[in-house]
Q: 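My questions will all concern the structure given below.
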Protein chains: 2
Amino acid sequence: MLLRHPHNTEDCRAVSEILQRVGDKWTVLVVGKLGGGAMRFNELRAAVGGISQKMLTTTLRGLERDGFVTRKVFPTIPPRVDYELTELGHELLVPVGALGAWARKNTERVKAAREKFDSEHG
Amino acid sequence: MLLRHPHNTEDCRAVSEILQRVGDKWTVLVVGKLGGGAMRFNELRAAVGGISQKMLTTTLRGLERDGFVTRKVFPTIPPRVDYELTELGHELLVPVGALGAWARKNTERVKAAREKFDSEHG
DNA sequence: CGGCATCCAGGTGGATACTG
DNA sequence: CAGTATCCACCTGGATGCCG
């Protein structure tokens, strides 16, 4: 038998947890932007676009806590804070990027399925 | 080469959308269980565990709408409804499984990072 | 500049009751 | 058995104001 995708409960829970972790509104957008190199707080905010100050702070704190980004404070006036992906953060981008590639490749199929479903169900 | 991952805004949005789509509380659990083959409603509910009737219905409807599962009704008494992954659903499981594999492989690193962060930040 | 504190609207999901 | 309908607690995230 081929090595199939895992479908026992524990593995599914692990998958579910990581997906919920990175599946919030901003996390992958922020991580994606940081994939290009270190950025300052407001620089990152402008690059992501549409994110509130509160949510960028919250998102970055969570990523820092989990070891995906580092936070470097320069005690200057005005203050400067740099955020950068860790090695772990870069590694996370690999499977996330794979999922993204799948998504881009199959948007049309999903869109077609939705239109079919919606037309059939009033 | 630093540009291993896509980090332009459009790609990140696509990734973000699919992650939010499958990043809800139950979707991957349900899809994961269905990866083993077709299942009836209550059978699936017992297999997933802890999911309410309402949420299983909602989750399955969403998956059906997007073309990830099929719903087959047998007009018997009592009624019987089978749910099964489509080809698209099976394909989705590949990148999702990859992310899950990454998650299982790195839980310890994340856990260690969290403990370090929490001990340093009161 | 890069935060934190507060308030609040909307969405998510659980509990319960009812139905063909 | 496999739903639908309703109510409600909680959480996410946006807006605003203040601060070192």
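Every chain is numbered from 1 and lettered A, B, ... according to where its sequence line falls, protein lines coming before strand lines. These figures come from a predicted structure and were not determined experimentally.
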Q: Between M55(B) (CE) and dG3(D) (C1'), how many Å, whole number?
A: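 After rounding, the reported distance stands at 15 Å.
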Q: Rounding to a whole Å, what distance do you find between F74(A):CZ and dG20(D):C1'?
A: 19 Å
Q: Looking across every strand, which nucleic acid part, if any, lies under 4.0 Å from Y83(A) by heavy atom: base, sugar-phosphate, or nothing?
A: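 It contacts sugar-phosphate atoms only.
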Q: Taking CD from E43(B) and P from dA2(D), how many angstroms apart are they, rounded to a whole number?
A: 9 Å
Q: Could you tell me the separation between the CD1 atom of I77(B) and the P atom of dC1(D), rounded to a whole number of Å?
A: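 Atom CD1 in I77(B) sits about 14 Å away from atom P in dC1(D).
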Q: Starting at CH2 of W102(A), measure out to CG of L93(B) and round the result to the nearest 0.5 Å.
A: 10.0 Å
Q: Is it true that E115(B) and R65(A) have a side-chain N and a carboxylate O under 4.0 angstrom from each other?
A: no
Q: Starting from C1' on dC11(D), measure out to NZ on K25(A) and report it in whole angstrom.
A: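 Distance check: K25(A) NZ to dC11(D) C1' gives 14 Å.
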Q: Quick test of your reading of the model: are R13(A) and E17(A) salt-bridged, counting only N-O distances below 4.0 Å?
A: no
Q: So, OP1 or OP2 of dG3(C): does either fall under 4.0 Å of a side-chain N or O from R80(A)?
A: no
Q: To the nearest angstrom, how far is L60(A) atom CG from dC4(C) atom P?
A: 10 Å
Q: Using only side-chain N and O atoms of R61(B), determine if any of them is under 4.0 Å from OP1 or OP2 of dT4(D).
A: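 R61(B) to dT4(D) OP1/OP2: side-chain N or O found under 4.0 Å.
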Q: Which part of the nucleic acid does R45(A) contact within heavy-atom distance under 4.0 Å: base, sugar-phosphate only, or nothing?
A: nothing
Q: Counting just side-chain N and O atoms, does K54(B) come under 4.0 Å of either OP1 or OP2 of dT12(C)?
A: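 False: K54(B) side-chain N/O out of range (4.0 Å or more) of dT12(C) OP1/OP2.
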Q: Compare the minimum distances between each of dG14(D), dG2(C), dG3(D) and the side chain of Q53(B), then state the nucleotide with the smallest one.
A: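 Given the options dG14(D), dG2(C), dG3(D), the side chain of Q53(B) is closest to dG3(D).
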Q: Out of dG3(D), dG2(C), dA2(D), which nucleotide sits closest to the side chain of V81(A)?
A: dG2(C)
Q: Are OP1 or OP2 of dA2(D) and a side-chain N or O of R71(B) less than 4.0 angstrom apart?
A: no
Q: Indicate yes or no: does D118(A) engage K116(A) in a salt bridge with an N to O separation below 4.0 Å.
A: no
Q: Ignoring the backbone of R40(B), work out which of dG14(C), dC1(D), dG2(C) is nearest its side chain.
A: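 Per side-chain heavy atoms of R40(B), the pick is dC1(D).
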Q: Figure out the CG/C1' separation between L44(A) and dC1(C), and round it to whole Å.
A: 14 Å
Q: Round to a whole Å and report the spacing from CG of N42(B) to C1' of dG3(D).
A: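 About 10 Å, once rounded to whole Å.
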Q: Could you pick out which residue, P79(A) or G23(B), lies toward the 5' side of DNA chain C when each is mapped onto its nearest nucleotide?
A: P79(A)
Q: Using a strict threshold of under 4.0 Å (side-chain N to carboxylate O), is an ion pair present between R109(B) and E91(A)?
A: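 Here E91(A) pairs with R109(B) in a salt bridge, since their nearest N and O are under 4.0 Å apart.
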